[in-house]
Amino acid sequence: MTDSPEELAAALDATGYLADDGLATAGFLALRMGRPLFCEGEPGTGKTSLAIALATALGRPLVRLQCHEGIDAAQALYEWDFPRQLLHLRALEAAGDGHLDVEAAERSLYTERFLLARPLLQALTAPCVLLIDEIDRADDEFEAFLLQLLDENAVTIPEYGEVRAEHPPLVVLTSNRTREVHDALKRRCLYHWLEHPDLAREVTILRRRIPLIGEVLARQIAEAVHRLREMDLLKPPGVAESLDWARALLALQRDELDAATAARTLGAVLKYSEDLDRVRAKLDALFA
């Protein structure tokens, strides 16, 4: 357990994640208060990377639940191993020479032996960082399903009983805000909005994550990406795209970024044809 936001920021820094004061404070309070941390922001601002860095910095395993439309308890929490249960019943029947104590057999089916733990249940059984990624992609029913877990660090399995965490996980929820998450879930969390890094921080991130990159190229990439974010694009580039662009340029053995090189490598940083057309039409102004 870190003793201050500054200590947490230093621990995250050691993993290669540069957290500003606000984010380090939010992470520290989530740890100290035992509250989930709800992170919203544009794609590519480092929400998922934060959970990964926290797991590394705290020396805990990362348990990740990737949300999607239609996700349910069987995918997120648990399911029963029906094939093994069926084999178990047949073995009991054979051992009883065709006579089966039905009540005893039923009790024996719903034990830990046949319980397949999915990410949420795994997170309650050992200290970890639980990442519930892109909760905005799930539906209202799944949000409601999460409330007991966030409130009590426990879940109830009808056939099995309550499972309560002896060492509650540090929970990080992320959202790209494709829809509004309900207040009932947000009230149970500490909240932080992640912005894209400023120019100096992005240069530092590039040089930290890609040690071979030079100062000039790192600054040129960061400046170009910041200009792209100011344009009316369908998908403004995030830090992940900045890093991809830097790696692409190094693979081409470039130590500077100009309009011609940018035109050849825009696919590393832009992901929609409309954005590519819009930027290519303004490349000379972008690198003037």
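Quick note: numbers below take in every heavy atom, side chains included, and nothing from hydrogens, waters or symmetry partners. Given the structure is predicted, the values throughout are model-derived calculations rather than measurements.
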Specify the closest pair of heavy atoms between [X] and [Y], including all atoms of both residues, with the distance to one decimal.
X	Y	value
Ala24	Ala9	CB-CB, 3.8 Å
Val172	Leu54	CG2-CD1, 4.0 Å
Leu194	Cys39	CD1-CB, 3.8 Å
Leu8	Gly27	CD2-C, 3.5 Å
Thr111	Tyr160	C-CE1, 4.0 Å
Asp3	Glu7	N-OE1, 3.2 Å

Under 3.5 Å: donor-acceptor pair, side chain of [X], backbone of [Y]:
X	Y	value
Gln220	Leu257	yes
Thr25	Asp21	yes
Arg278	Leu276	no
Thr56	Thr15	no
Asp81	Leu115	no
Tyr17	Gly46	yes
Glu152	Leu149	no
Lys47	Glu40	no
Asp136	Arg177	yes

request  = Please report the C-alpha distance between Leu170 and Arg60 in whole Å, then the side-chain angles of each, then the deciding distance to 0.1 Å, and finally whether the side chain to side chain contact (heavy atoms under 4.5 Å, CB included) criterion is met.
outcome  = CA-CA 10 Å; Leu170 171 61; Arg60 300 185 188 181; 3.7 Å; yes
inquiry  = Could you walk me through whether Val171 and Leu131 satisfy the side chain to side chain contact (heavy atoms under 4.5 Å, CB included) test, starting with their C-alpha distance in whole Å, then the side-chain angles of each, then the deciding distance to 0.1 Å, before giving a yes or no?
reply    = CA-CA 6 Å; Val171 182; Leu131 169 61; over 6 Å; no
ask   = Does the pair His192 and Phe38 meet the rule for a ring-ring contact (aromatic ring centres under 6.0 Å, His included), with working shown?
value = CA-CA 6 Å; His192 190 79; Phe38 187 92; over 10 Å; no
When you compare the side chain of [Y] with that of [X], does any pair of heavy atoms fall below 4.5 Å?
X	Y	answer
Val279	Leu228	yes
Arg219	Leu199	yes
Ser108	Leu92	yes
Leu266	Arg280	yes

ask   = When you look at Leu116 and Arg118, which way does the side chain to side chain contact (heavy atoms under 4.5 Å, CB included) test go after all the steps?
value = CA-CA 6 Å; Leu116 299 176; Arg118 300 308 185 205; 4.2 Å; yes
[atom1]-[atom2] distance between [X] and [Y], expressed to the nearest 0.5 angstrom:
X	Y	atom1	atom2	value
Leu62	Thr48	CG	OG1	9.5 Å
Leu250	Asp255	CG	CG	9.5 Å
Phe145	Leu185	CZ	CG	12.5 Å
Glu162	Leu124	CD	CG	10.0 Å
Ile210	Ile221	CD1	CD1	7.0 Å
Ile205	Ser49	CD1	OG	9.5 Å

key: Enclosure of Asp277 CG (heavy-atom neighbours >12, cutoff 6.0 Å)   = yes
query = So does Lys271 have more than 12 non-hydrogen atoms from other groups sitting under 6.0 Å from NZ?
reply =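 It does: Lys271 NZ has more than 12 such atoms within range.
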message = Listing request: all side chain to side chain donor-acceptor pair (under 3.5 Å) pairs with a residue in residues 138-147, at least two apart in sequence or in separate chains.
response =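 Non-adjacent pairs meeting side chain to side chain donor-acceptor pair (under 3.5 Å): Asp140-His182, Glu143-Arg179.
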Of all pairs that satisfy side chain to side chain donor-acceptor pair (under 3.5 Å), the ones with a partner from residues 202-212, not counting sequence neighbours = Asp13-Arg208, Glu202-His226, Glu202-Arg229, Glu202-Ser242, Arg207-Glu215
inquiry  = List the residues meeting salt bridge (charged side-chain N to carboxylate O under 4.0 Å, His left out) with Arg35, not counting sequence neighbours, and say none if there are none.
reply    = none
query = Partners of Glu195 by salt bridge (charged side-chain N to carboxylate O under 4.0 Å, His left out), sequence neighbours excluded?
reply = none
query = To which residues is Val216 joined in a hydrophobic cluster, defined by side-chain heavy-atom contacts under 4.5 Å among Ile, Leu, Val, Met, Phe, Trp and Tyr, whether direct or through other members?
reply =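 Other cluster members: none.
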request  = Give me the other members of the hydrophobic cluster that Leu234 sits in, counting Ile, Leu, Val, Met, Phe, Trp and Tyr linked by side-chain heavy atoms under 4.5 Å, directly or via other members.
outcome  = Tyr272
Taking [Y] as the starting point, is it possible to reach [X] by hopping between hydrophobic residues whose side chains are less than 4.5 Å apart?
X	Y	result
Met33	Leu50	yes
Ile213	Leu243	yes
Trp245	Met231	yes
Leu147	Leu173	yes
Leu130	Tyr191	yes

request  = Please lay out, stage by stage, how Leu120 and Leu146 fare under the test side chain to side chain contact (heavy atoms under 4.5 Å, CB included).
outcome  = CA-CA 9 Å; Leu120 295 183; Leu146 287 177; 3.8 Å; yes
Under 4.0 Å between a side-chain nitrogen and a carboxylate oxygen: does that hold for [X] and [Y]?
X	Y	result
Asp151	Arg188	yes
Lys186	Asp183	no
Glu69	Arg137	no
Arg64	Asp133	yes

ask   = Which one of Arg84, Gln85, Glu79 satisfies the side chain to side chain contact (heavy atoms under 4.5 Å, CB included) criterion with Phe82?
value =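 Passing option: Gln85.
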ask   = In terms of the angle between their ring planes, are Tyr78 and Trp80 parallel, tilted or perpendicular, with boundaries placed at 30° and 60°?
value =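 Perpendicular.
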inquiry  = Assess, by modelled atom type and distance only, whether the side chains of Glu42 and Asn176 contain a donor and an acceptor separated by less than 3.5 Å.
reply    =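 No, because no side-chain N or O of Glu42 sits under 3.5 Å from a partner of the opposite role on Asn176.
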key: Pair Thr156, Gln148: side-chain N/O donor-acceptor within cut-off below 3.5 Å   =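 Result is yes, a qualifying pair exists.
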query = Between Arg227 and Glu230, does a salt bridge (charged side-chain N to carboxylate O under 4.0 Å, His left out) hold up when you go through it step by step?
reply = CA-CA 5 Å; Arg227 294 191 193 105; Glu230 294 169 358; over 6 Å; no
